[in-house]
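Take a look at the structure set out below.
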Amino acid sequence: MTTSAADYADPRGWAARGACRDSDPELFFPVTARGPGRGQIEKAKAICARCAVQAQCLEFAVETGQTFGVWGGMAEDERITLRRNRLRRRRRLLATGS
C-alpha cells in the first residue's frame with residue numbers, strides 16, 4: 001500500500017478515489033471536537049465509512065503525522081492512540097527479539 005505525499009497528490013492516486021472528494025473539506029477539519037464539532041466529526045466519519053480508500057487514507061495520515069482533521073475514519077485523538085499502540089507493539093517486539 002502506498003501512502004507517500006506524492007501518491008496523495010497524484011490526480012490518479014488513491015486520494016482522488018476518496019468518498020470525500022465531493023464533500024466540503026471543512027467538514028473534515030472542525031474547529032473543535034466538542035459541541036457542534038462533534039457532529040461534524042461524526043458526519044465526516046460516516047463518509048469515511050463508505051470509502052473504498054479508507055485504509056490508505058488512514059495509513060497516510062498516521063505515517064505523515066497529520067495532526068488535524070478526520071482521516072481514514074479517525075479523528076486526531078484516535079490517530080494519536082493508534083500511533084502510540086503501534087510504537088508500544090514495536091518496542092515489545094524489539095525487546096523480545098522477535
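Numbering starts at 1 and runs along the sequence shown.
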Test side-chain contact (heavy atoms from CB on, under 4.5 Å) on I41 and F28; report intermediate values, then the result. CA-CA 7 Å; I41 290 170; F28 294 84; over 6 Å; no

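- Expressed to the nearest 0.5 Å, how far CD of E76 lies from CD of Q66 amounts to 10.5 Å.
- L58 belongs to a hydrophobic cluster whose remaining members, ordered by chain and number, are V62, M74, L82; membership requires side-chain heavy atoms of ILVMFWY residues under 4.5 Å apart, directly or through intermediates.
- Of the possible donor and acceptor atoms, one in the side chain of Q54 sits under 3.5 Å from a partner among the backbone N and O of G72.
- Contact detail for I47 and S23: the closest heavy-atom pair is CD1-OG, 3.4 Å.
- At a threshold of 4.5 Å between non-hydrogen side-chain atoms, the residues Y8 and C57 do not count as touching.
- Between C51 and A19, the shortest heavy-atom distance links the atoms SG-N, 3.3 Å.
- Once rounded to the nearest 0.5 Å, the distance linking OG1 of T32 with CD of Q40 reads 10.0 Å.
- In this structure, R79 does not pair ionically with E63, as no charged nitrogen and carboxylate oxygen lie closer than 4.0 Å.
- Looking at heavy atoms from C-beta onward, E26 lies out of side-chain contact with F29 at the 4.5 angstrom threshold.
- Looking at every heavy atom in both residues, L93 comes nearest to T96 through O-OG1, 3.2 Å.
- Of all the heavy atoms in V53 and G18, the pair that sits closest is CG2-CA, 3.6 Å.
- Between the CG atom in L87 and the CZ atom in R92 there is a gap of 11.0 Å [rounded to 0.5 Å].
- Using a 4.5 Å heavy-atom cutoff, the side chains of K45 and E78 are in contact.
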